[in-house]
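Taking it in order: structure first as structure tokens, then the write-up.
Both counts, for ligands and for their atoms, begin at 1 and track the order of listing. None of the values given here were measured: they were computed from a predicted structure. Note that these values count all heavy atoms, side chains included, but never hydrogens, waters or copies made by symmetry.
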Amino acid sequence: MTQAQLAQGTSPLLAVRDVSVVFGGIVALNGVSFDMHKGQILGLIGPNGAGKTTLFNCLSRLYQPSSGDILMEGVSILSRPPHRIAEIGIGRTFQNVALFPNLSVMDNVRVGTHARTSSDIISDSLRLAWIRRSEGDVNKKVHEILAYLDLEDVAHTVVAGLPFGTQKRVELARALAADPKILLLDEPAGGLNHEEVHVLADLIKRIRDDRHMTVLLVEHHMGLVMSIADHVVALNFGKKLAEGTPAQVQADPDVIKAYLGSKDQ
Ligand SMILES: Nc1ncnc2c1ncn2[C@@H]1O[C@H](COP(=O)(O)OP(=O)(O)OP(=O)(O)O)[C@@H](O)[C@H]1O
Ligand SMILES: [Mg+2]
């Protein structure tokens, strides 16, 4: 039995409850609900315009749902601004890479460690000195993550000059540096070649297994989702079309129909 299966009986780590998002007249999400359990890799799929990015942006707090709720460990996250979601254990990467291009790999990852430790100045100053992370601890953490993601050789290289695939790995390192409970990945395979997608698939599985992470994967690359997700939620026209194991979702007639009618395969 996998970790995720064992967790099925427990309360969800993250619960999406009847979330709708309306932009002007467009209903981008229409009453979507699903649960994420600890240790799961959950793949969120759907044809163009299905609502994947909209949902991702609700989870990372860039968009406010028009109705419904999103609960992290039973507590609504909807009153929390985007810069304060790292504190409750939600980490994210960006579809188009959002690093500091003129900083080194190491400094970009270092920024990630501060996302969790110093975003709230008042509670930080009230915190006892011995709880506060010392500079030495931060360095240790940064080095551990660089080694884990095989980025030590480029630790002192400025990010702007690195290949896109490596930059994506740096972004993953930065997200991991905040010790998230949930990692939200927005199309991590976008722009990667075949070989890089394989490496990425292994890496995401490794992160889940070694670091006990829960992963939400928004992805166009069906091969990647179907090979590593333990649970898949399929959206179409803002509604949940199907959910289940990759095999169940792949065989679902509504999912097949939705994909046949789109240019995604
Ligand atoms: N900021 C916005 N303002 C207005 N409409 C939007 C906005 N963001 C998304 N939409 C609309 O909401 C719907 C869902 O879009 P969304 O980007 O979430 O889909 P998606 O599943 O991520 O698609 P893709 O696979 O193309 O990235 C679409 O009809 C889109 O045009
Ligand atoms: Mg999208």
Which atoms from ligand 1 have a heavy atom of [X] less than 4.0 Å away?
{"X": "Ala28", "result": "12 (O), 13 (C)"}
{"X": "Asn48", "result": "23 (O), 24 (P), 25 (O), 26 (O)"}
{"X": "Ala50", "result": "19 (O), 20 (P), 21 (O)"}
{"X": "Tyr63", "result": "1 (N), 8 (N)"}
{"X": "Thr54", "result": "9 (C), 14 (C), 15 (O), 16 (P), 18 (O)"}

- Query: Given Val22, Leu55, Asn236, Ile26, which has its nearest heavy atom closest to atom 29 (O) of ligand 1?
  - Reply: Ile26
- Examine ligand 1 and decide if any of its atoms is less than 4.0 Å from a heavy atom belonging to Gly46. no
- Crowding at OH, Tyr148 (>12 non-hydrogen neighbours, <6.0 Å): yes
- Message: Go through it in stages, so that I can follow the logic: the residues are Tyr63 and Phe23, the test is ring pair (Phe, Tyr, Trp, His ring centres under 6.0 Å), and I'd like the CA-CA distance, side-chain angles, deciding distance and then a yes or no.
- Response: CA-CA 10 Å; Tyr63 290 169; Phe23 294 114; 5.2 Å; yes
- Kindly confirm or rule out an N or O of Glu187 lying under 3.5 angstrom from an N or O of ligand 1. no
- Query: Taking N or O atoms only and a 3.5 Å limit, does Phe23 qualify as a polar contact for ligand 1?
  - Reply: no
- Lys140 NZ to Ile145 CD1 distance, which is reported to the nearest 0.5 Å: 12.5 Å
- Going through the distances and angles, do Val218 and Leu184 end up as a side-chain contact (heavy atoms from CB on, under 4.5 Å)? CA-CA 8 Å; Val218 171; Leu184 308 176; over 6 Å; no
- Between Lys52 and Glu219, does at least one N-O distance fall below 4.0 Å, as a salt bridge requires? no
- Charged N-O contact under 4.0 Å between Arg17 and Asp35: yes
- Query: N/O/S atom of Thr53 under 2.8 Å from the Mg ion (ligand 2), yes or no?
  - Reply: yes
- Message: Under 3.5 Å, is there a donor on one side chain and an acceptor on the other for Asn236 and Tyr259?
- Response: no
